[in-house]
Amino acid sequence: MSPDPAPSQSAPAVELRTERLTKSFGDRPVLRGIDLEVGREEIVAIVGASGSGKTVMLDCLLRLLEVTSGRVLAADHSRRGSPLTEITDAREAVLQRIRLHWAVVFQRNALFSGTVYDNIALLLREHQELPEKEIMRRARESLSACALDVEDVLRKDRDELSGGMAKRVAIARAIAIDPAVLFYDEPTTGLDPVVSGHIHELIWDMHNRPRAGGEQRTTVIVTHDKDLLRRLRPRVVMLHKGEVCYDGSYARFGKADCPAAQEYLREMPVLHGRRPAE
Ligand SMILES: Nc1ncnc2c1ncn2[C@@H]1O[C@H](COP(=O)(O)OP(=O)(O)OP(=O)(O)O)[C@@H](O)[C@H]1O
Ligand SMILES: [Mg+2]
């Protein structure tokens, strides 16, 4: 049974918000007062140089890390129409309720040992009380949506999967819980360009695949992958020296006046209508 009450017209348009978010390790600041709002149904890519704090930012949004100061607020999809809930110091029960509607595709997939079916079923059992028959149906459906050969992959062990297959399984596992928000950390790192291209399509398809209630999902992606930006044309949030140096459309990213964005863009010539050097 779904924990959702009936959909309401007054659902907040904001999915996530940070207010003056700072995160330091010892006396070393990594995030220096980030104000960010992620709207419902948006695709947002968090980009920036290595070490700029993208993963730390994601982990603060997920509250896998405690923030040093500031606030993180999130929509509570179990209580439609309620104001954003502060998760920075929320009780575990509140956090769990909010997380019921989130799914994370981690960089290294974080698949548990066992079969593909075990992986999907375990997560579903954690989320909802469903009969085994329904769990199997959802597992098949989500694997199929991720363009996997269901019969081939369902009983495969985690350790038998190629990198591209494991990523698809991680996405299938995420989508099986029908999340409102999908978070990806570096979804294409370590994959070859062809497989990466398939993953871009999959992220796009999963974003546009409506939830059971008909609503669209919100997608937050931490990425280095410029081809992914070209394909998805997301809202781009660029971190530099612990601050947001660009926040806007992909189309305008080319005109960003932050030097760090320009440096990033010099390696991204297609955005300027030029072809990469042969
Ligand atoms: N647990 C930690 N303890 C101390 N420092 C940390 C910790 N986690 C991250 N950092 C530091 O925070 C900074 C940002 O790290 P983060 O992993 O967010 O970078 P990133 O932008 O995700 O880089 P990459 O693109 O290489 O993944 C780095 O200098 C890193 O060393
Ligand atoms: Mg990272």
Side-chain angles (χ1 to χ4, degrees), residues 16-38 42-72 74 87-89 95 102-111 163-164 166-167 170-171 174 181-193 195-196 199-200 202-203 218-232 234-248 250 253 256 258-268 271:
L16 290 160
R17 180 190 297 151
T18 68
E19 294 174 356
R20 306 301 300 155
L21 167 63
T22 73
K23 177 66 189 173
S24 303
F25 293 102
D27 58 4
R28 198 172 160 268
V30 174
L31 303 176
R32 301 165 181 260
I34 306 262
D35 290 314
L36 177 72
E37 203 164 84
V38 175
E42 272 194 300
I43 301 193
V44 178
I46 300 174
V47 306
S50 190
S52 58
K54 304 182 294 297
T55 297
V56 168
M57 175 79 189
L58 183 69
D59 288 349
C60 289
L61 289 176
L62 296 168
R63 230 199 84 175
L64 297 175
L65 273 177
E66 298 292 333
V67 308
T68 303
S69 67
R71 306 204 303 162
V72 179
I87 59 169
T88 332
D89 56 5
L95 205 51
W102 291 355
V104 189
V105 178
F106 290 99
Q107 181 167 352
R108 292 186 188 84
N109 302 317
L111 296 176
K167 185 59 70 186
I171 296 175
V181 194
L182 266 163
F183 298 90
Y184 298 85
D185 191 2
E186 305 283 5
T188 51
T189 301
L191 302 177
D192 72 40
V195 177
S196 293
I199 299 300
H200 302 159
L202 198 50
I203 293 172
T218 305
T219 300
V220 178
I221 314 166
V222 163
T223 186
H224 274 299
D225 182 349
K226 291 161 185 166
D227 291 328
L228 182 148
L229 299 185
R230 278 184 203 118
R231 169 63 186 95
L232 302 184
R235 169 175 158 207
V236 178
V237 173
M238 182 165 191
L239 298 180
H240 180 61
K241 295 194 171 166
E243 294 178 351
V244 173
C245 81
Y246 175 80
D247 180 357
Y250 174 77
F253 190 35
C258 142
Q262 287 305 325
E263 191 182 327
Y264 188 84
L265 288 164
R266 270 196 288 280
E267 296 167 37
M268 203 176 171
L271 193 64

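What's counted below: heavy atoms across the whole structure, side chains too, no hydrogens, waters or symmetry copies. In listed order, ligands and their atoms are each counted from 1.
- At a 4.0 Å cut-off, at least one heavy atom of S52 sits close enough to ligand 1 to count as contact.
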*Take I171 and Y184, measure what side chain to side chain contact (heavy atoms under 4.5 Å, CB included) needs, and give me the verdict at the end.*
CA-CA 9 Å; I171 296 175; Y184 298 85; 4.0 Å; yes

Original post:
Can you check side chain to side chain contact (heavy atoms under 4.5 Å, CB included) on V47 and L229, steps first, answer last?
Top reply: CA-CA 10 Å; V47 306; L229 299 185; 4.1 Å; yes

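- Nearest protein heavy-atom neighbour of atom 17 (O) of ligand 1: T55 CB, 3.7 Å.
- The nearest N, O or S atom of T55 is closer to the Mg ion (ligand 2) than 2.8 Å.
- The nearest non-hydrogen atom to atom 28 (C) of ligand 1, considering only H224, M57, R28, K23, comes from R28.
- Figure legend: cation-pi geometry between K226 and Y264, with NZ or CZ positioned under 6.0 Å from the six-membered ring centre and within 45° of its axis.
- When only interatomic distances are considered, the shortest N/O to N/O separation between G53 and ligand 1 falls below 3.5 Å.
- Looking from atom 18 (O) of ligand 1 to the surrounding protein, the closest heavy atom is V56 N, 2.9 Å.
- Of the protein's non-hydrogen atoms, S50 OG, 3.6 Å is the one closest to atom 24 (P) of ligand 1.
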- Item | Residues K54, E186; criterion side chain to side chain contact (heavy atoms under 4.5 Å, CB included); working and verdict | CA-CA 10 Å; K54 304 182 294 297; E186 305 283 5; 3.8 Å; yes

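- Contact annotation: the side chain of V244 approaches that of L239 to within less than 4.5 Å [non-hydrogen atoms, C-beta and beyond].
- Under the 4.0 Å criterion applied to side-chain N and carboxylate O atoms, R32 and E243 are not assigned as salt-bridge partners.
- Atoms of ligand 1 lying under 4.0 Å from any heavy atom of V30, numbered from 1 in the order shown and given with element: 12 (O), 13 (C), 14 (C).
- Ligand 1 places these atoms under 4.0 Å from at least one heavy atom of A49: 21 (O).
- When only non-hydrogen protein atoms are considered, atom 7 (C) of ligand 1 lies nearest to F25 CZ, 3.4 Å.
- For the atom pair OG1 of T223 and CD1 of I203, the computed distance is 7.5 Å after rounding to the nearest 0.5 Å.
- Of the protein's non-hydrogen atoms, the one nearest atom 14 (C) of ligand 1 is G51 O, 3.4 Å.
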Checklist entry - So Q107 and T189, side chain to side chain contact (heavy atoms under 4.5 Å, CB included) or not? Walk me through it. => result CA-CA 7 Å; Q107 181 167 352; T189 301; 3.6 Å; yes

